[in-house]
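Accompanying notes for the structure given below.
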Amino acid sequence: MSTAKEAINQNFYSLGQRDKALEFVFNHNAVKVAYCDSNLHYRFVNKPYAQLLGFDESDIVGRPVIEILEKELFDIALPNMQKALAGEEVCYQIRLSGTSDHPGRHEVRYLPDVDQLGNVSGFYAFIRSIEDTVEAVEAHQLLRYAVDQGMEGLSIHNKLGEFIYVNPAEASMYGYTVDELLGQTYHLFYDDDEIELIDNEYFAKLMQDGKWRGTLNARRKDGSHFFSEVSLTILKDSCGEFDGLICTCRDITDKKRAVDQLSHLAHFDHLTGLSNRLQFKDNLEQLICQAQRHNEMIAVFFLDLDDFKHINDTLGHSIGDQLLITVADRLKPIFRAEDLFARFSGDEFIIAVSGTSDNLDAINIAKKIIEKFDCPVLLGDQQIIQKSSIGVSVYPNDGDDIETLIKNADTAMYQAKEDGLHGFRFYSSEMSKQAADYLHLSSQLHQAVDAEQFELHYQPCMSLDNHSIGALEALVRWQHPERGLIYPDHFIPYAEKSGLINSIGRQVLNQACHQASQWIKNGYEFSQISVNISGVELQEGFVEVVEAVLHENQLPPERLILEVTETFLMTRLNRPIDILHRIRELGVNVAIDDFGVGYSSLTRLKHLPVTCLKIDRSFISEIHKDLIDQSIVKAIVALSNSLKLEVIAEGVETAGQLSILKDLSTHYAQGYYISRPTIAAKIDQVYAFIETL
Ligand code: C2E
Ligand code: CA
Ligand code: CA
């Protein structure tokens, strides 16, 4: 054996320089090389071979294979070696265990060493690791399988846009076979206008960002269309140049339909079918852009139904809904297709009309809207007259963005309400500050209710017969911790809107009844205590509240008057009137406040459960010089006498007014001339003053 080893070494070292180089290559090659003779002894091995098996070359050379290879490996190798010695070229794979320095799969190849006579004197063994290649191929096959079988469409395009790969899912999504597509461009999938968008817009984005995702209106082979959600990723060559793209896609027609439906729900009001707030804002934004370009004006109308809450509370929400639908239907014909008309929230509608050239246009539109409310609305079996208040803001004068325009129209609407229901108002900049104050106030109203910050001032009415005191009217004031006294006109509308009026009303009623029973106990002479109530309060449960408060304060019902405004009574529904009937049945008196400014129908008046009319002060202020006002008051007095109602003239400020009212046989008068509203503690002064009249 040593001779063989020596011979080889000798052989090697005798080869000179060139062979030295070969030896270097031989020993520094990833391929492991060995030579075995026909007796299965190693004749030579290279370094990597020896290392693979965990030996030095010198330990191996000359020794039998069986001594070197592990048993398991030898068992696999032997039949193959025998084949090689039989002159056959063999190739097989082995897996080296994890404990080896070179674990993993290897390819083993034996090449027989055949002489010219065909005798085999041994064989060469070559071993190389195929771990990387095997994994790569397997992974590739797996990937290809996944892509081919995938449900999502996937295609690869060259830089001309031609399909170089397309999976069956994508082909069938567009109604083609794979073969029909290869070599074609994606233009096959889209209409011309979509292709124009893709080539000009989407590709520009793709080039810039390296990827693009979007929804395309795709066309199938049969011409039908569907929505395809497409993602594109660009491929680059080794120089970083655009070399094609990968496209994934899926049919999202169903999803898009669902999304569209959702978006419809999100942008339209389901009740009236009008746009909703969100949609309105979007559209107004666009309208503003157009108006900017064309130097046009836009009028924004903010419309709020008067006392809508009351309808909802008394007649129920489905009647309320019916009313909203009717309002929407009535108003629709006023506007052009390009105008925006939306339900903003609850009982608020908002309208934007562009191309108005001056405020006159806007006034005309506002008038048209108001007119639409003149006709009664039939709700179930009742007719009601629904009024509304409108605020108008104009672009660009009152704001050049959506929020400001809407806010200012809303502010103007509140002003319209303040001015008296059922009208419209244009926004003015002073309103802004007021509106901010009001908003602030209304948020503080809650605390005011909890802290019982309401106090009552009392104003007497005086009999014109004998100057005795008839009713003492309780007028509420809000004792605001920072701002001092706030008058009812400045907070009652908000209390009504928020529903807080019920709590406030109850506090007022209780305080007034309590005060009245104190005065009665203390011997003050007056016929009744009079309390103002909002129409909103006339709901289920109100009669019980009145009854309880009277009882608690030991006040006989006939000593109480409840005042309700004429505007409320005349435009309203049956149910509040029923409640007033029940109030009357308790023995409590009912007065119509601000009589003459509403639209009383005399037939209706006859059936109302009232005991007293209070003539609005607008008829009194000029009565000493205005003959028409005199005739009106005269007529009201005559009417009251025949209906057996009492009459009180409000707002009497001068002796002149008082004496004319006496001449007209008015029963009672109330006003600053007789007494300003005063706190309870000063009631003695009121009595003393009246004595002097
Ligand atoms: P109203 O019921 O018509 O009350 C008369 C209003 O006219 C009172 O204003 C009173 O201070 C004022 N006034 C009295 N005499 C004269 C006069 O000679 N000249 C002038 N220019 N004004 C006079 P006030 O207290 O600011 O109340 C305003 C309105 O607020 C009341 O009008 C009433 O509708 C409402 N209100 C007052 N208290 C309550 C309440 O407790 N509940 C409800 N819901 N509303 C109330
Ligand atoms: Ca009153
Ligand atoms: Ca009044």
Side-chain angles (χ1 to χ4, degrees), residues 307 310 417-421 445 448-449 452-462 470-479 485-513 515 528-539 542 545-546 549 560-569 576 589-598 610 612-624 636 646-658 661 668-679 686:
D307 285 337
H310 186 73
K417 278 211 193 293
E418 279 275 295
D419 294 351
L421 299 178
L445 258 185
V449 170
E452 301 196 357
Q453 287 168 357
F454 302 101
E455 64 173 54
L456 298 182
H457 288 197
Y458 297 88
Q459 188 182 34
C461 67
M462 181 183 80
L472 284 161
E473 181 177 6
L475 294 160
V476 70
R477 277 94 182 86
W478 174 8
Q479 187 58 263
L485 267 201
I486 301 180
Y487 285 83
D489 287 340
H490 291 103
F491 66 87
I492 295 283
Y494 299 97
E496 286 174 343
K497 214 168 161 63
S498 62
L500 279 173
I501 189 68
N502 294 309
S503 320
I504 297 174
R506 201 191 159 130
Q507 283 180 20
V508 167
L509 187 66
N510 193 42
Q511 233 182 85
C513 290
Q515 186 58 65
Q528 282 115 353
I529 186 85
S530 188
V531 175
N532 293 282
I533 54 170
S534 291
V536 184
E537 291 175 74
L538 290 178
Q539 320 170 4
F542 182 71
V545 168
V546 174
V549 170
L560 177 66
I561 305 184
L562 295 182
E563 300 189 10
V564 190
T565 60
E566 185 198 20
T567 357
F568 177 79
L569 283 180
N589 300 288
V590 176
I592 302 188
D593 207 350
D594 303 343
F595 187 79
V597 291
V610 296
C612 174
L613 301 182
K614 297 188 77 170
I615 306 174
D616 190 72
R617 71 162 179 270
S618 56
F619 299 101
I620 312 300
S621 55
E622 308 280 292
I623 199 164
H624 46 291
I636 296 176
E646 288 188 329
V647 184
I648 302 174
E650 294 188 296
V652 179
E653 295 180 345
T654 64
Q657 291 166 348
L658 191 69
L661 288 168
Y668 292 91
Q670 186 180 14
Y672 292 167
Y673 178 71
I674 300 157
S675 165
R676 287 188 173 258
T678 49
I679 53 171
V686 172

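Order of appearance sets the numbers: ligands from 1, and atoms from 1 within every ligand.
- Side-chain N or O atoms of Gln657 include none that pairs as donor or acceptor with a backbone N or O of His624 at under 3.5 Å.
- Among the backbone and side-chain atoms of Asn532, an N/O/S atom is found under 3.0 Å from the Ca ion (ligand 2).
- The Pro677 neighbourhood of ligand 1 comprises atoms 11 (O), with distances under 4.0 Å to a heavy atom of that residue.
- Annotation for ligand 1: atoms under 4.0 Å from non-hydrogen atoms of Leu475 are 4 (O), 8 (C), 10 (C), 11 (O), 25 (O), 37 (C), 38 (N).
- For atom 27 (O) of ligand 1, the closest non-hydrogen atom on the protein side is Pro488 CG, 3.2 Å.
- Look at Gly505 and you'll find every heavy atom at least 4.0 Å from all atoms of ligand 1.
- Near Glu650, meaning under 4.0 Å from one of its heavy atoms, ligand 1 places the atoms 3 (O).
- Arg676 does not count as a contact of ligand 1, since none of its heavy atoms falls under 4.0 Å from the ligand.
- Considering backbone and side-chain N/O atoms, Glu473 comes within less than 3.5 Å of an N/O atom of ligand 1.
- Taking 4.0 Å as the cut-off, Glu496 does not count as a neighbour of ligand 1 on heavy-atom distance.
- Ligand-side atoms of ligand 1 in range of Val508: 41 (O), range being under 4.0 angstrom from any heavy atom.
- In this structure, the protein non-hydrogen atom closest to atom 32 (O) of ligand 1 is Asp593 OD2, 4.8 Å.
- At a 4.0 Å cut-off, not a single heavy atom of Gln670 sits close enough to ligand 1 to count as contact.
- Backbone and side-chain nitrogen or oxygen atoms of Ala474 are examined, and none is located within less than 3.5 angstrom of a nitrogen or oxygen of ligand 1.
- Taking atom 18 (O) of ligand 1 as the reference point, the nearest protein heavy-atom neighbour is Tyr672 N, 2.8 Å.
- Considering every non-hydrogen atom in both Tyr458 and Gln511, the closest pair reads OH-O, 4.0 Å.
- In summary, the side chains of His457 and Glu455 do present a donor paired with an acceptor at a separation below 3.5 Å, with no hydrogens or angles considered.
- For ligand 1 and Asp594, the ligand atoms under 4.0 Å from any heavy atom of the residue are 3 (O).
- Protein heavy atom in closest approach to atom 19 (N) of ligand 1: Glu653 OE2, 2.5 Å.
- Asn532 CB, 3.6 Å is the protein heavy atom nearest to atom 46 (C) of ligand 1.
- Among the atoms of Asp593, an N, O or S atom falls under 3.0 Å of the Ca ion (ligand 3).
- The Ca ion (ligand 2) has no N, O or S atom of Glu650 under 3.0 Å away, backbone or side chain.
- With Tyr668 as the fixed residue, the side-chain contact (heavy atoms from CB on, under 4.5 Å) test singles out one of Met462, Lys614, Glu650, Glu646: Glu646.
- Scanning the protein heavy atoms around atom 15 (N) of ligand 1, the nearest turns out to be Gln459 NE2, 2.9 Å.
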